[in-house]
Chemist: 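Below: one structure in structure tokens.
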Amino acid sequence: MTDRDDIMTKVVAAIADAFLVDAQSLTAQTSALDVPGWDSVSQVSLVMRLEDEFHIQISATALNTIPNIGGLVDFIAQSTGRS
Amino acid sequence: MSRSVDTIISRLETVAAEAPEQAFCIHYSGDGSETISYRRLLEGARAAAGRFQSWGCEPGDIALIFLKHEPELYFSFIGAMLAGIVPSFMPYPNPKQSHDLFWRGHAALLERIEPRLLVVSPELIEQFRQFLPAYADRMRSAAGIAGEGGAAAAPVERQADDVAFLQHSSGTTALKKGVMLSHGAVLRQTDAYARAIGFSGADITASWLPLYHDMGLIACLMLTVTSGATLLSLDPFEWVGAPATLLDVIERHRATFCWLPNFAFNHLAASVRGGAGRDLSSVRAFINCSEPCRAESFEVFARRFAECGVTPEQLQVCYAMAESVFAVTQTPVGLSPRILSVDRDAFEAHGRVEPGEGIRLLSCGSPIEGIGLRIVGDDGGDLPPGRIGEVAIAAPFLFDGYYRQPSLTGLKLRDGWYYSGDMGCLVDEELYITGRKDDLIIAYGRNYYAHEIEAVASGVDDVLPGRCVAFAVPSPMAGTQQTVLMAETRAEDGAPLVRQLREAVLASTGLALTQIVLRPPGTLVKTTSGKISREANRTQFLNARSGVPAQ
């Protein structure tokens, strides 16, 4: 498993837990709009979990420019030096 | 210009003359902050007034303000009032709302309001010109609106009963109601409310609330200006993602008041890391307002921040609405609000509040000075204490009506009483709000009508026309209501439709649906008259969620 795959697996698990959706339905192209319950308030708990898991900081400004789960994985890979 | 007329502007002029260097606002944005004194506020507002006049605006014209979180918010709004123009703060498009429906909604709203001017953030104005071309010649960038070099503002005489500004409701853009508020009504309200909570020019309010919302506009901006106090102003979008910033500015400036919708108490408790050492003891009141207030949210917040000096006596409740400018009732600052333990059966089956078990109701406090309150039954008669009915309000600061909506005004404002649509009861002369008479959904402190959400959803391809239903379900963890949409469709792959529905409702109303349930044709529950039943489908949804088998 590559680092990117590993990040993707963890991100998908975090999103599935945060918004009570089936992990199988989440792909790199999935965006917040595709996930009912994912709004700017509820996404803060997701951000906290990802920050703890990857030991990084994700600002709200940065998050708002990320278009989908693939972009989030890229952002984390870059922030952790695993890209 | 007459100096004897008491207006919002004359109050500002008095403060600016007596304490010119007093901070009106410490405006936080990104990593920086800017302090705006009362002298600078008045100078900037006068410069903006001159620009409004040079653009051909005349007293009574409507100016809509679509600004991001920038100091021009204050200069353009107060400047418009200085020139006798009627301003209104409006939400601006967020990046997730770049949708055709957002602009179509605005085109319909502008057609009804016919604003003389749109004041737009410099970085948004090209987008506005592109999507609202019919109004391009009425759009002005806010860049430099409060700077030097413009023409001096010509004096404008104002009367206390002149409409000072419009406060637009939330909900579907095209159907927004513009609540007309006069200078006199605003001052009578802010004076009465200041006395009720002991607010003065020495106070400091911390706020992340948007100014297009009545709690941000009245409790934070107007109460500050008319009292000569100080506002700590955070960007709403930045705050949601970084809620601890509110607590940081409270501690840094020793803030004394903070108004929050109920969900924010939960959001702060759940999303702020650390906290030990942060001192929040300067706050005299965190005031919960603008959506159903829950005792559980207070308890979570008080537990989480006890180490920061937060006590139950700091946590207060206000019942407010734009139609009465703001506050109707308020719990006494310095005392814990009352919590009633109520018998569930008497409450649900008979509309009575009796001591017992099953439901907890948090008091909204007593009417503030000048308020008349009635609890009205289905027959229009007054109900005794302990009986649940519609809350009707009379006050010397009621609104003048909804702008260009006389029939709606006539429906809600009758014989000097505003019929709120809120259901509640009086116990020991304190008000308890128990629900709504109509299909209003209050989520994250903003109002949405179920029938408006359904109309938007019904217009989405693949939803069978008219075959959808929207309702709210409680979310104790989030401290607010969450919105569910059920829709009938023949589409085999539901994923694209779920996205389209989320996009359409977000673009038209600003609401992010929490759950979307797609059903085959003919499966939503109907009433005996053949209409889709919100209540029956909601019950079915809640039963399914909790594992109760279908009947």
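Throughout, protein chains are lettered first and strands after them, A, B, ... in sequence-line order, and every chain is numbered starting at 1. Since this is a predicted model, take the numbers as computed values, not measurements.
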Chemist: Which bit of B:A270 comes within less than 4.5 Å of chain A, counting heavy atoms only: side chain, backbone, both or neither?
Modeler: backbone
Chemist: Got a second to check how far B:Y444's OH is from A:D39's CG, nearest 0.5 Å?
Modeler: 4.0 Å
Chemist: Can you tell me how far the CZ atom of A:F19 sits from the CD atom of B:Q515, to the nearest 0.5 Å?
Modeler: 13.0 Å
Chemist: Output the distance between atom OG (A:S40) and atom NE2 (B:H267), rounded to the nearest 0.5 Å.
Modeler: 7.5 Å
Chemist: Mind checking side chain to side chain donor-acceptor pair (under 3.5 Å) for B:Q500 and listing every partner two or more places apart, or none if nothing turns up?
Modeler: none
Chemist: Where does A:V44 contact chain B at under 4.5 Å (heavy atoms): side chain, backbone, both or neither?
Modeler: side chain
Chemist: Give a yes or no on whether the backbone of A:V35 and the side-chain of B:R502 come within a donor-acceptor separation of less than 3.5 Å.
Modeler: yes
Chemist: Got a sec, which pairs hit side chain to side chain donor-acceptor pair (under 3.5 Å) with one end in residues 12-27 of chain A, sequence neighbours left out?
Modeler: A:D17-A:R49, A:T27-A:T30
Chemist: Of the non-hydrogen atoms in B:R273 and A:E51, which two are nearest, and what is the gap between them?
Modeler: NH2-OE1, 3.1 Å
Chemist: Judged by atom type as modelled, is there a donor-acceptor pair below 3.5 Å linking the side chain of B:R499 to the main-chain atoms of A:S31?
Modeler: no
Chemist: Roughly how far, to the nearest 0.5 Å, is CG of A:L33 from CD of B:E503?
Modeler: 5.0 Å
